[in-house]
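What you see is a predicted model; the values in this text were computed from it and never measured. Remember, it's 1-based here, ligands and their atoms both numbered in the order they're listed.
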Amino acid sequence: MSAAAVIVVNHPLVQHKLTLMRERDRSIKSFRELVNEVGMLLCYEVTRDLPLELVEIETPLMPMQAPMIAGKKLTFAPILRAGVGFLDGMLALVPSARVSHIGLYRDPDTLEAVEYFFKAPHDLSDRTAILMDPMLATGNSAVAGATLLKKRGARDIRFVCLLAAPEGIAHFQKEHPDVPLWTAAIDERLNDHGYILPGLGDAGDRMFGTK
Ligand code: URA
């Protein structure tokens, strides 16, 4: 099976905001606001192909057939904790989406993803699942997150991140060749600790002020 697409969202607003986020001295408040804003912009891109249907409405002047999203149900699936940064921006655009929280932490020695929490709708087979984590580094968390969603029945999964390392993309595509991914940029490589270079540091720490 050939791998699904990698879509680099090169919209000027996204690129500008990403550059601001990379700056070392940006405040926690500003960083968190930017993640939220970029989450909204990425949501716009990842939902671009949702099917529409024509419905009958009345404008103040006359009846018309107008397009609405055709009953497609969504779940937003943030990987805790940094993925939560995208959530409010995405929910602002799709307020009726369900949320599937995925708790994974990176073992600092092995860099493996360890599951500690998973709370999602009972059956995801009829929902588009938007899996989100700002940093696709080794790919371990994203791979584990997509696996959990598939075990819940998800068949249409889309992965959204802010920055991806080539190593993470390769790993993710090997394990989940059916899942397309959206990113604002593909950076150079990982360092020995699994951080993306040039990157933006630890997204969770920068968002929540924990360093
Ligand atoms: N997680 C982060 O927050 N930053 C990285 O560079 C890699 C993983």
Side-chain angles (χ1 to χ4, degrees), residues 6-9 14-43 46 76-90 100-118 130-149 158-176 179 181-211:
V6 175
I7 299 112
V8 178
V9 180
V14 173
Q15 293 302 314
H16 180 87
K17 288 175 192 295
L18 172 58
T19 298
L20 297 180
M21 293 169 76
R22 288 184 191 270
E23 291 173 344
R24 190 190 50 204
D25 294 330
R26 185 142 298 275
S27 72
I28 290 160
K29 174 177 180 289
S30 171
F31 187 89
R32 194 188 302 136
E33 287 166 356
L34 287 161
V35 181
N36 189 49
E37 290 165 15
V38 172
M40 194 182 292
L41 294 167
L42 293 175
C43 181
V46 75
F76 292 139
I79 297 178
L80 306 180
R81 64 188 165 140
V84 170
F86 281 156
L87 189 59
D88 282 353
M90 297 214 182
S100 301
H101 286 98
I102 302 175
L104 298 168
Y105 71 85
R106 270 215 302 189
D107 183 296
D109 298 322
T110 65
L111 304 183
E112 290 297 321
V114 184
E115 179 190 339
Y116 65 89
F117 187 77
F118 181 57
I130 313 291
L131 177 63
M132 58 188 88
D133 193 352
M135 309 299 275
L136 180 64
T138 61
N140 290 340
S141 299
V143 165
T147 301
L148 285 166
L149 293 172
R158 301 157 188 219
F159 179 70
V160 181
C161 62
L162 185 60
L163 277 186
E167 298 91 325
I169 294 175
H171 183 194
F172 188 74
Q173 289 193 319
K174 178 164 172 283
E175 300 299 326
H176 295 291
V179 178
L181 74 92
W182 280 254
T183 183
I186 301 173
D187 270 10
E188 280 170 38
R189 63 186 170 88
L190 296 180
N191 71 10
D192 292 343
H193 303 287
Y195 279 87
I196 298 174
L197 296 176
L200 50 71
D202 188 301
D205 282 342
R206 296 199 61 193
M207 214 179 288
F208 299 115
T210 42
K211 193 139 197 176

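The side-chain heavy atoms of Met135 and Asp202, taken from C-beta on, include no pair separated by under 4.5 Å. For the pair Tyr105 and Tyr116, the minimum side-chain heavy-atom distance is below 4.5 Å. Looking at heavy atoms from C-beta onward, Thr147 lies in side-chain contact with His176 at the 4.5 angstrom threshold.
Close contacts between ligand 1 and Gly194 involve ligand atoms 7 (C) [criterion: under 4.0 Å to a heavy atom]. Distances below 4.0 Å separate heavy atoms of Asp202 from the following atoms of ligand 1: 2 (C), 3 (O), 4 (N).
The nearest heavy-atom contact from the protein to atom 1 (N) of ligand 1 is Met135 CB, 3.8 Å. The nearest heavy-atom contact from the protein to atom 5 (C) of ligand 1 is Tyr195 CD2, 3.3 Å. In this structure, the protein non-hydrogen atom closest to atom 6 (O) of ligand 1 is Ile196 N, 2.8 Å.
Salt bridge absent: Arg81 and Asp133 never bring a charged side-chain N and a carboxylate O closer than 4.0 Å. The residues Asp187 and Arg22 are annotated as salt-bridged, a charged nitrogen and a carboxylate oxygen being separated by less than 4.0 angstrom.
Taking 4.0 Å as the cut-off, Arg106 counts as a neighbour of ligand 1 on heavy-atom distance. For Ala82, the closest heavy-atom approach to ligand 1 does not fall below 4.0 Å.
Nearest-heavy-atom check against atom 4 (N) of ligand 1 across Ala137, Gly201, Ala203 picks out Gly201.
Each of Ile130, Leu136, Val38 was evaluated against Val160; a single residue qualifies, Ile130, per the side chain to side chain contact (heavy atoms under 4.5 Å, CB included) test.
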